[in-house]
**Q** 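First, the structure itself, so that you have it in front of you.
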Amino acid sequence: KKIVPALGKLKISALTTERLDRWVADLAVAPASSRRYLAPLRAALEEASRRGHIGHNPAARVNIATQQGAKASAFSRDDRDAILAAAEKGNDAARWHIALRLGLRPAEALGLVWDDFDEVAGTLTIQRQLLYAKGVGDYIQRNAKTAAGTRTLQLPRSLVKLLLEHRAQQIQTIQDLGDEWAGFEFDGAPVALMFPMANGKPAIRTDKRAWKNLLEQAGIPFERRYKSRHTAATHMIVDSGGDIAVTAYNMGHGDTGFTYRTYVHPLEAQAVELAKRMDAPRLAAKVAANVAASEPLRATPATRDPSNYAD
């Protein structure tokens, strides 16, 4: 599913290490996942090399670690709120609230359909991605990127309200456009995308531009869309009091260790504050002792009686 759409139509001679480096970077997944996706391709190219079809195995030279070693960075809370405020002036506020508050991957957000939303329970189920491959076009991958990626999220009431408003607005648009509403079909069935283009078609090729325009409106320097996901995870950790397990579930991470390693930086300030609180009782006792030692001895009836002192 990852190899054929992106590389299946290339000649074997075009599978250079540089081309595979770009493919791995475009996957935008954890190093362990990149290695898993690369493994069957490496094995096939190794066999091609053994049989003399190619001079060497280009997949053997792909360096996963150097491509994905940095920790994720996030927008500050003020910048995030500025982006959301700008989004609320347009027609896709819910799209960017989902990105910056829930942390859905771009392909997951664009693959949402209205059946995924349960307004009574206040939940959103993530179970597919909307992807594009040259020669294939837009297509639905009917499961999430990983097993843990299929998840049902409890929504804040403010986001339920936004989604209801967005759905009502989309229904009105469909009625207004009539036959001009193109919609989207996949495998011969209509797909009611939650966040399509203005004519109902998939927004894969316009979503990046919409993100860029949104940042400009908010007065924020450009960052790639994935920073919205990092931002959501970062603030989830802080708002949950450092609950890595809940954050990992909401983000669709199968490994809480990956969540910790990638997003541990929000906990650093909390660790400093905790250290200060741990010192507080001892410091208070020490200050009290110092104050007591520095106070002059007060005269009491006992101290004024000379008989209380030895010769």
Side-chain angles (χ1 to χ4, degrees), residues 74-75 77-130 140 142-145 148-176 181 183-184 190-198 200 202-203 207 210-211 214 217-218 225-241 243 245-253 259 263:
F75 290 112
R77 197 172 292 268
D78 286 345
D79 284 352
R80 181 203 68 175
D81 291 348
I83 297 169
L84 292 177
E88 288 168 9
K89 298 176 183 177
N91 295 326
D92 283 326
R95 160 73 181 95
W96 304 114
H97 272 264
I98 280 176
L100 287 156
R101 295 170 67 190
L102 299 184
L104 270 64
R105 300 173 177 92
E108 291 175 337
L110 295 178
L112 288 170
V113 302
W114 284 112
D115 283 346
D116 297 329
F117 173 48
D118 186 334
E119 63 182 279
V120 176
T123 60
L124 188 67
T125 299
I126 291 76
Q127 55 190 335
R128 67 180 63 76
Q129 296 187 88
L130 179 64
I140 295 288
R142 295 193 183 279
N143 51 5
K145 193 170 73 172
T150 299
R151 59 208 189 274
T152 297
L153 305 182
Q154 190 67 47
L155 301 175
R157 283 180 293 180
S158 58
L159 193 42
V160 171
K161 181 175 181 291
L162 276 175
L163 284 173
L164 289 172
E165 292 172 353
H166 182 72
R167 185 170 63 186
Q169 181 186 62
Q170 189 178 103
I171 291 171
Q172 186 61 53
T173 299
I174 294 172
Q175 293 174 349
D176 292 343
W181 177 265
F184 175 54
V191 180
L193 294 173
M194 193 177 285
F195 301 113
M197 292 194 298
D207 196 63
W211 171 250
L214 180 61
Q217 293 165 22
R225 284 177 302 169
Y226 234 76
K227 189 163 182 173
S228 64
R229 178 167 166 80
H230 303 325
T231 298
T234 296
H235 295 302
M236 264 185 225
I237 291 174
V238 174
D239 294 342
S240 67
D243 194 327
V246 169
T247 302
Y249 173 80
N250 283 345
M251 299 299 292
H253 293 159
T259 310
Y263 302 107

**Q** Measuring from atom CZ of Arg80 to atom OG1 of Thr231, what distance do you get when rounded to the nearest 0.5 angstrom?
**A** 8.5 Å

**Q** Taking the side chain as every heavy atom from C-beta outward, state whether Ile98 and Leu163 have any atom pair closer than 4.5 Å.
**A** yes

**Q** Using the rule given for side-chain contact (heavy atoms from CB on, under 4.5 Å), can you reason through Met236 versus Asp243, listing the C-alpha separation, both sets of side-chain angles and the distance that settles it, and then say yes or no?
**A** CA-CA 8 Å; Met236 264 185 225; Asp243 194 327; over 6 Å; no

**Q** Just verifying a value: how many Å separate Leu214 CG and Arg225 CZ, rounded to the nearest 0.5 Å?
**A** 12.5 Å

**Q** Can you name the nearest heavy-atom pair linking Ala218 to Ala82, along with the distance?
**A** CB-O, 3.7 Å

**Q** side-chain contact (heavy atoms from CB on, under 4.5 Å), that's the test. Do Gln170 and Met194 meet it? Break it down for me.
**A** CA-CA 9 Å; Gln170 189 178 103; Met194 193 177 285; 5.6 Å; no

**Q** Would Leu155 and Phe117 count as a side-chain contact (heavy atoms from CB on, under 4.5 Å) here? Give the steps.
**A** CA-CA 10 Å; Leu155 301 175; Phe117 173 48; 3.9 Å; yes

**Q** What's the verdict on side-chain contact (heavy atoms from CB on, under 4.5 Å) for Gln217 and Lys89, showing C-alpha distance, side-chain angles and the deciding distance?
**A** CA-CA 10 Å; Gln217 293 165 22; Lys89 298 176 183 177; 5.7 Å; no

**Q** Compare every heavy atom of Leu110 with every heavy atom of Phe195, then report the nearest pair and how far apart it is.
**A** O-CD2, 3.9 Å

**Q** Any salt bridge linking Asp239 with Arg77? Criterion: basic side-chain nitrogen under 4.0 Å from a carboxylate oxygen.
**A** yes

**Q** Would you compute the distance between atom CZ of Arg101 and atom CG of Asn250 and round it to the nearest 0.5 angstrom?
**A** 12.5 Å

**Q** Which atoms form the tightest heavy-atom contact between Trp181 and Ala198, and what is the distance?
**A** CZ3-O, 3.5 Å

**Q** Quick one: pull up CZ in Arg95 and CG in Leu100 and give me the separation to the nearest 0.5 Å.
**A** 9.0 Å

**Q** Would you compute the distance between atom NE2 of His166 and atom NE2 of His97 and round it to the nearest 0.5 angstrom?
**A** 12.5 Å

**Q** Is the side chain of Arg151 donor-acceptor paired with the backbone N or O of His253 at a distance under 3.5 Å, no angle test?
**A** no

**Q** Any side-chain heavy atom of Ser228 sitting closer than 4.5 Å to one from Trp211?
**A** yes

**Q** Can you name the side-chain hydrogen bond (donor to acceptor under 3.5 Å, both in side chains) partners of Gln172, sequence neighbours left out?
**A** Asp176

**Q** Looking only at non-hydrogen atoms, find the nearest pair between Leu102 and Ala232 and report the distance.
**A** C-CB, 3.9 Å

**Q** Is the closest side-chain heavy-atom distance between Leu124 and Leu159 below 4.5 Å?
**A** no

**Q** Taking atom CD1 of Ile126 and atom OG1 of Thr152, what is their separation to the nearest 0.5 Å?
**A** 7.0 Å

**Q** Quick one: does Gln129's side chain have a donor or acceptor within less than 3.5 Å of a partner on Pro106's backbone?
**A** no

**Q** Where is the tightest heavy-atom contact between Leu193 and Gly200, given as atom of each residue plus distance?
**A** CD1-O, 4.3 Å

**Q** List for me each residue that meets side-chain hydrogen bond (donor to acceptor under 3.5 Å, both in side chains) alongside Asn91, sequence neighbours excluded, and say none if there are none.
**A** Gln169

**Q** Check Gly252 against Arg105 and note the closest heavy-atom contact, atom names and distance.
**A** O-NH2, 3.8 Å

